[in-house]
Number of protein chains: 2
Amino acid sequence: MKNNEKFGDATGVLQRERPTLKTIAFMTGLGVTTVSRALKDAPDIGAETKERVRMVARQLGYQPNRAGVRLRTGKTNVIALVLSIDEEIMGFTSQIVFGISDVLSGTPYHLVVTPYSIAKDPLLPVRYILDTGSADGVIISRIEPDDPRVSLMIERNMPFSTHGRTESDLVHPYHDFDSEAYAYQAVRALVAKGRRKIALLPPPGRLTYFAHTRIGFQTALHVHGAEEIPLRVNIDAPLQQIRDEVETLMRSSHAPDGIVSSSAAGAIAVNAGVEAAGCVVGRDVDLVSKQSTEILNWIRPNMITCFEDVREAGRELARAVIGRIEGVPPEKLQSISQPVWSDGVFD
Amino acid sequence: MKNNEKFGDATGVLQRERPTLKTIAFMTGLGVTTVSRALKDAPDIGAETKERVRMVARQLGYQPNRAGVRLRTGKTNVIALVLSIDEEIMGFTSQIVFGISDVLSGTPYHLVVTPYSIAKDPLLPVRYILDTGSADGVIISRIEPDDPRVSLMIERNMPFSTHGRTESDLVHPYHDFDSEAYAYQAVRALVAKGRRKIALLPPPGRLTYFAHTRIGFQTALHVHGAEEIPLRVNIDAPLQQIRDEVETLMRSSHAPDGIVSSSAAGAIAVNAGVEAAGCVVGRDVDLVSKQSTEILNWIRPNMITCFEDVREAGRELARAVIGRIEGVPPEKLQSISQPVWSDGVFD
DNA sequence: CAATTCTACTGTATCGTTACAGATTTCCCC
DNA sequence: GGGGAAATCTGTAACGATACAGTAGAATTG
């Protein structure tokens, strides 16, 4: 018996080799197939046998060999997170990674991080994953209204979820922050403070939530009778450029008395610009921003901030891909999180 | 011939199936083994054959099936990054991930992120990787002087690199920031500004770089004739606690006139504490911090800052593990990065 | 009680790759 | 021209898991 090579050492010394189905089969006296089926609770295996197999497996610390499963079934047990390296630096990435891990840690899935540069083709990493079948599910961010990655993955039948929405009529799982509500409420908060000349530091125009932000912003301006002071940068611009642009604006005759920023890093640059122009946030101008950590409040307590729970977003996204892998219809895997304003903004 | 099932479609329509060695073997008329060996440039394959195989492989967009390789050879082509979820929030994690990816993107390695909580056993994730053989190499951080993960991985012969050093005599690859130099130079900078009563917000005492930091700090105090004002928190404490501690200290009779922080987030809390006590950084007290983004300078331009290039650290760490995997001796895979002070600190 | 169905289990082939032990052909040398 | 080495190439088995098509024996049925 060939098995003996592996099990012949009856002295009881350290069993170094990693246990496989064969090990369990040998120990229980069953066939490998039976063991395999017993461990997945197949209906054609006797209850007592299952129990016995499970006990031995537990005792040996058996963990299925991922390569074996993957080769035979095609199931990788991998979720790929496709990240832009140009993503906001301030904790966004780590929070989303940790959020995803929160959920995956209770599953057999591993998280593979696949960064790309928006300077190159954003389709590349997705194509790679599709062509090599290297993941069971994919999470992407920086979604565009008609994102080619979304249509590609749907066409190729790859489960995925997106951080952000598209605007095509392709139905897919997503999690998104309600940027329209955010912008609307931001303006409302400024108006409540008596501000009427309001500038917006928006997301890049390519991304879907740019439109959401603008709609909320403009609606609120209209409803509350405020006026937009145009600003010619977005949050993807270098901080220095945002600062300079804001400084110029603040020194001009049409300086805003309120500014809404779509990112924490952007708000920091805006604040620097305001101060460079000799103004003070909270006195000459009010500044609203969203943030994924509490950092802004530590820096300038009189900034008006709302919290976007990116870690929870990560959790939602992970739940969504897994749901999709398990066959849940996409329309049941969509969620939108609401802005949470810090104390005192709205009462 | 069984192959025909796969290649019988002579109409030339879409070759959807992913190509394997068998595909190439069929197209070139060679054996599977030959193709395999040709692609790895084995010496017993004819030059012309190799060329032909490479051409066909390229043309088909052949990519070796990772599960096949892994099952047969045990090589996973995976680097595992083991991260504490309690890691500094401000971009540390993302920078290190992107740095590692910079290097891995030119290799067949994928990056798997494995977070853990320091509340639980830090050995767990490492043990899991060792027991399941799920990576060819591991990167860990938050290194302790006698880190059990290091001895475990050496014992089990798992290539790894560490962000931070140990103090045992186990030789292993690492990358570290020179915290001793940082603390020394930080004190020197404060003394140069006329400060003499200096407090330190150190790393947690468990970690190796706590000692490095303290040595640099105390040496500089001694050399430059300054005095330590004790502070009873470390950078792992909640920001609120740091703030309160600093505020109390600043209000006391033995308030420091200089503070050195070992993290950017810590510096923000320190600054808040200083201001809460009615003092101003740059006037009543000078504050030195290191940071991995430029954020502090945007917030409080008169903080004294030095830059720790965490992304480059990620690159170094990735190069180091890969070196180790390829058999480079560990002592050749050690590096220490020096603090880079912002303009004007030292001239 | 023979025929059928059920229950519980098992052997074989296979996924894609590579290690290993040949096999075939050519070439060289004495 | 026979022996042997060198140069190329190839078939088989194996890694660990699972799909599938059985099989043996017990239970049920008419």
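These values consider heavy atoms only, across backbone and side chains, with no hydrogens, waters or symmetry-generated copies. Every chain is numbered from 1, with letters handed out A, B, ... down the list of sequences.
- In the set D/dA17, C/dG16, D/dC9, D/dC9 carries the atom at the smallest distance from any side-chain atom of B/T49.
- Nearest heavy-atom pair, A/Y116 versus A/S141, reported as atom, atom and distance to 0.1 Å: OH-O, 4.5 Å.
- Distance B/F26 CZ to D/dG11 P: 14 Å, rounded to the nearest Å.
- The distance between atom NZ of B/K75 and atom C1' of D/dC15, rounded to the nearest whole Å, is 17 Å.
- Among the nucleotides C/dT10, C/dT17, D/dG16, the one closest to any side-chain atom of B/L71 is D/dG16.
- Nearer the 5' end of DNA chain D, as judged by each residue's closest nucleotide, is the contact made by B/K50, out of A/N65 and B/K50.
- Proximity note for A/P64 (side chain, C-beta onward) versus D/dA17, C/dT17, C/dC9: the nearest is D/dA17.
- One atom, CZ of B/R18, and another, C1' of C/dC15, lie 12 Å apart when rounded to the nearest Å.
- Here the P atom of nucleotide D/dT10 and the CG atom of B/L21 are 13 Å apart, to the nearest Å.
- Look at A/T73 and you won't find any side-chain N or O under 4.0 angstrom from OP1 or OP2 of D/dT18.
- Using cut-offs of 30° and 60° for the angle between ring planes, the A/F160 and A/H172 rings count as parallel.
- A/D147 and A/T166 form no side-chain donor-acceptor contact under 3.5 Å, judged by distance and modelled atom types alone.
- Candidate nucleotides D/dG16, D/dA13, C/dC9 were compared by shortest atom distance to the side chain of B/R72, and D/dA13 ranks first.
- Side-chain contact check for A/H163 and A/R142: no donor-acceptor pair (N or O, by modelled atom type) lies under 3.5 Å.
- A/G68 comes within 4.0 angstrom of a nucleotide base, judged by non-hydrogen atoms across all strands.
- Protein atom CD1 of A/I24 is 11 Å distant from nucleotide atom P of D/dT18, rounded to whole Å.
- Dashed line: the shortest gap from a side-chain N or O of B/S36 to OP1 or OP2 of C/dT18 is under 4.0 Å.
- When each of C/dC9, D/dC15, D/dC20 is scored by its nearest atom to the side-chain atoms of A/T33, the top-ranked nucleotide is D/dC20.
- At least one donor-acceptor pair closer than 3.5 Å links the side chain of B/T73 to the backbone N or O of B/V69.
- The CZ-C1' distance, from B/R66 to C/dC15, rounds to 17 Å in whole Å.
- Interface residues of residues 37-46 of chain B facing DNA chain C, ordered by number: B/K40; criterion, heavy-atom separation under 4.0 Å.
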